[in-house]
Amino acid sequence: MRSATFVEWSAMSPYQIVHIKPGVIHYPGYFDVGEQVKLVTSLRSLVADAPMFTPTMPRTGKPFSVQMTNLGSLGWISDRQGYRYQRTHPVTQLPWPPIPQWLLDAWHEVGDYPLDPEACLVNLYSTNAKMGLHQDRDEADLEAPVVSVSLGDTGVFRVGGTARGGPTRSFHLESGDVVVLTGESRLSFHGIDRVIGKTSTLLRDGGRLNLTMRRVSPRDLSRIGYSRERAAAHVAAQKKGPYLMAGRIVETKLRIPQARLNPAARTSLIERLTPCGSKP
Ligand code: MD3
Ligand code: FE
C-alpha cells in the first residue's frame with residue numbers, strides 16, 4: 001500500500017508522534033515505565049469489580065481468544081445475541097467501574113474531542129490470543145476519535161482501509177504506546193495478528209492489555225457551549241484528520257530527530273515502522 005509514514009516532533013506536545021496513515025497517529029512510549037506500573041495497579045483494583053469474561057461470537061457462540069471487560073457508563077459485549085453496548089457487566093449485572101482520570105487525561109490530550117469517552121474496552125490477550133480484522137462500527141457517534149493504550153507484551157497490530165480485503169500494513173504496539181484513530185481511518189479494518197511473548201515484564205503473567213476509549217452516543221456539541229459554527233468546524237477538522245490538517249503529504253521517509261526522541265521509543269522505532277508485508 002502506498003501510504004506515507006512520517007514522524008514529526010510536535011511543537012504542541014512533548015511526545016514523539018508517528019503518523020501511520022491518514023487519521024492513525026501513534027505515540028510510542030506515551031506512558032513511561034513508572035506510569036505504566038501505576039496504571040496496571042489501578043486497573044487491577046478496577047477489574048476486581050468487573051471481572052474479565054470471555055466474549056462469544058454472535059450466532060455461533062464460538063469464544064473469542066481475547067478476554068475482556070469494560071469501564072465507563074457503557075460497555076461493549078458480544079454474545080450469541082449479537083454485539084452491543086450495555087450499562088451493566090453481563091456476569092455480575094453491576095454497572096461498569098468508572099474510567100480512571102489518568103485515562104480521561106490521555107483521551108483529552110491526544111483525542112482533541114470536547115466530551116469524555118463513554119466506554120473503555122479492556123482487552124486481555126494471552127500470548128496465543130489474536131483479534132481478526134474487523135471494523136468498530138457499533139458506535140452511533142463515528143465523529144469522535146478512538147484512543148487506544150497498550151500495556152504489557154508487544155502486539156502486532158494490522159490496519160487496512162475501509163474495504164475488507166484491501167491492502168494492509170502492520171506495526172508493533174509496545175507497552176506504554178498510545179494510538180489515536182480519527183477521521184478517515186475511524187472505520188478502517190484492523191486487528192491484532194499476534195502477541196510477542198516475553199517482550200515486557202509489566203504484567204506478572206505476561207500477555208497484553210489493551211484499553212480503547214470511545215464515544216458511543218451521538219453528541220450535541222451545542223449543549224456544551226459550542227456555537228453552530230464552532231461545532232461544524234470541529235466536525236470538519238475531525239473528518240480531515242490531523243494528518244491532512246498538518247497541511248502536507250510526506251512520502252515514506254523517516255526523518256527522526258534522534259536527539260529529541262524519547263529513549264524508550266528510540267530503540268525499536270525503525271523496526272516497528274517497517275511494513276511487515278502482507279497478511280500472514
Ligand atoms: C483502528 N482492539 O477492541 S486497539 C477493539 O489492540 C480492538 O486490542 C485492538 O480492535 C487491540 O476493537 C486494537 C486500536 C484500535 C482501536 C480501534 C480502531 C485501532 C482502530 C478503530 C478504527 C481503526
Ligand atoms: Fe477494534
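This structure is a prediction, so every number in the text was calculated from the model and none was measured. Just follow the structure's listing: the first ligand is 1, and inside any ligand the first atom is 1.
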Worked check of salt bridge (charged side-chain N to carboxylate O under 4.0 Å, His left out) between R208 and E174: CA-CA 9 Å; R208 170 172 183 268; E174 295 185 3; over 6 Å; no

Ring pair (Phe, Tyr, Trp, His ring centres under 6.0 Å) against W96, all qualifying residues, sequence neighbours excluded: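 By the ring pair (Phe, Tyr, Trp, His ring centres under 6.0 Å) rule, W96 matches H89.
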
Partners passing ring pair (Phe, Tyr, Trp, His ring centres under 6.0 Å) against Y125 (at least two apart in sequence or in another chain):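 With sequence neighbours excluded, Y125 shows a ring pair (Phe, Tyr, Trp, His ring centres under 6.0 Å) to no residue whatsoever.
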
Give every pair formed by an N or O atom of ligand 1 and a protein N or O atom closer than 3.5 Å, one pair per line with both atom names and the distance to 0.1 Å, or write none.
| residue | atom | partner | partner atom | Å |
| --- | --- | --- | --- | --- |
| ligand 1 | 3 (O) | N123 | ND2 | 2.9 |
| ligand 1 | 3 (O) | R214 | NH2 | 3.4 |
| ligand 1 | 6 (O) | R208 | NH1 | 2.9 |
| ligand 1 | 6 (O) | R208 | NH2 | 3.0 |
| ligand 1 | 6 (O) | N210 | ND2 | 3.4 |
| ligand 1 | 8 (O) | N123 | ND2 | 3.2 |
| ligand 1 | 8 (O) | Y125 | OH | 2.5 |
| ligand 1 | 8 (O) | N210 | OD1 | 3.2 |
| ligand 1 | 10 (O) | H134 | NE2 | 3.2 |
| ligand 1 | 10 (O) | H190 | NE2 | 2.9 |
| ligand 1 | 12 (O) | H134 | NE2 | 3.2 |
| ligand 1 | 12 (O) | D136 | OD1 | 3.3 |
| ligand 1 | 12 (O) | D136 | OD2 | 3.3 |
| ligand 1 | 12 (O) | R214 | NH2 | 3.1 |

Atom pair OG/CG of S175 and L209 - distance to nearest 0.5 Å: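 Interatomic distance, S175 OG to L209 CG, rounded to 0.5 Å: 9.0 Å.
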
Residues D193 and R158 bridged, charged N to O under 4.0 Å: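 Result for this pair is yes, salt bridge flagged.
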
D138 bridged to R84 by N-O distance under 4.0 Å: no

Salt bridge (Lys or Arg N to Asp or Glu O under 4.0 Å) partners for R87, two or more places apart: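 Counting only residues at least two positions away or on another chain, R87 forms no salt bridge (Lys or Arg N to Asp or Glu O under 4.0 Å).
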
Vertex the Fe ion (ligand 2), rays to NE2 in H190 and OD1 in D136 - rounded to 10°: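 Answer comes to 90°, rounded to 10°.
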
Among the N, O or S atoms of H134, the one nearest the Fe ion (ligand 2): NE2

